[in-house]
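Just so it is clear: chains get the letters A, B, ... in the order the sequence lines come, proteins before strands, and each one is counted from 1. The structure presented is a predicted model; accordingly, all values stated were derived computationally and were not measured.
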Number of protein chains: 2
Amino acid sequence: MKPTESEMEILQVLWKQGPSSVRTVFEQLDKKDVGYTTILKLMQIMHEKGMVDRDTSSKTHIYVALISKENTQNQFLDKMIDTVYNGSTARLVMQALGNERTSKKEIEEIKAFLKSLENN
Amino acid sequence: MKPTESEMEILQVLWKQGPSSVRTVFEQLDKKDVGYTTILKLMQIMHEKGMVDRDTSSKTHIYVALISKENTQNQFLDKMIDTVYNGSTARLVMQALGNERTSKKEIEEIKAFLKSLENN
DNA sequence: CTTTATCTACGAATTGTTTCGTAATCAAAT
DNA sequence: ATTTGATTACGAAACAATTCGTAGATAAAG
């Protein structure tokens, strides 16, 4: 089950912060152009879908991500490689590296990673 | 303006084949679980949105992509890096490379690409 | 105890996407 | 000319995602 765009933004906060109230998720989201109850509703829907669990023992419910960051990211990645890059991982990677956004430091990280791949 | 999932599938065909009729796009799409008029309608909407142009001089209209493959892919990539990878290109790339899907040949391509980046 | 603030629940409106049925048009074949 | 087949146009239904208003519950502050 693939999270929607908005759900993904909420998951990012939950993954980074750990268990959180709706309020703190709302505050982390710079997406302040939407109301509090919108985020609340979204998180309730995510609960219905089984993406998050929640502790309702106190008035303020605490939500926690049930799906893993790695799995979810991979899911998006695979879909993207298929529908946007026609199945070619290499093309995606090279276009990502061609981006101006990628710093020297990141390039070095990637090279190191490739070396470590070789050694296995 | 970001193409939807279905629009992306159609664009893939137009990019690969060049100018095409609705019929040939429909046939290329293994997405045969939807009807012909569905694809027709989607392509008409894409025309309204300005994603494609069309030649209506003969009965069978010929559609051509107006947005470039590179730009569109980059758009998706940027969005993905932001919403799924919290802005880190390196993490996306490393996860992509960690995939089993990536062949030795592709890895070599990427190494070569990194070298060519260095020389500029 | 009463007021105030915060929270949840829930329904409903809105918006966007996908789907297809039907009618009209056109061209080719009979 | 008439039929047949392929095409476009168009409206509308079905579905999904997003948004928010309002009501009711609960806790904290006065």
By nearest heavy atom, map A:Glu5 and B:His61 onto DNA chain D; which one lands nearer the 5' end? B:His61
Could you list the donor-acceptor pairs under 3.5 angstrom formed between side-chain atoms of residues 58-70 of chain B and any protein atom two or more places apart in sequence or on another chain?
residue	atom	partner	partner atom	Å
B:Ser58	OG	B:Thr60	O	3.4
B:Tyr63	OH	B:Arg54	NH1	3.1
B:Ser68	OG	B:Asn71	N	3.0

How close or far is atom P of C:dT17 from atom CE of B:Met43, stated in whole angstroms? 17 Å
In the structure I gave you, are the side-chain heavy atoms of B:Gln73 and A:Arg91 within less than 4.5 Å of one another anywhere? yes
Answer with base, sugar-phosphate or nothing: what part of the nucleic acid does B:Thr38 contact at a heavy-atom distance below 4.0 Å? base
What is the 5' to 3' range of DNA chain D, first to last nucleotide, that sits under 4.0 Å from any heavy atom of chain A? D:dA17 to D:dA27
Separation of C:dT17 P from B:Ile10 CD1 (nearest whole Å): 13 Å
What is the distance, rounded to the nearest whole Å, between atom CD1 of A:Ile62 and atom P of C:dT6? 16 Å
Just checking B:Gln44: base, sugar-phosphate only, or nothing, at a heavy-atom cut-off of under 4.0 Å? base
Looking at A:Arg54, I'd like to know whether one of its side-chain N or O atoms comes within less than 4.0 Å of OP1 or OP2 on C:dA9. yes
State, yes or no, whether a side-chain contact exists between A:Lys115 and A:Lys111 at a heavy-atom distance under 4.5 Å. no
Side chains of A:Asp55 and A:Ser57, donor plus acceptor under 3.5 Å: yes
Mind checking B:Lys2 for me? I need base, sugar-phosphate or nothing, with any heavy atom below 4.0 Å counting as a touch. nothing
Short question: side chain of B:Thr37, backbone of B:Leu40 - any donor-acceptor pair under 3.5 Å? no
Heavy atoms only, 4.0 Å cut-off, all strands: where does B:Thr37 land among base, sugar-phosphate and nothing? base
For B:Asp53, all residues meeting salt bridge (Lys or Arg N to Asp or Glu O under 4.0 Å), sequence neighbours excluded: none
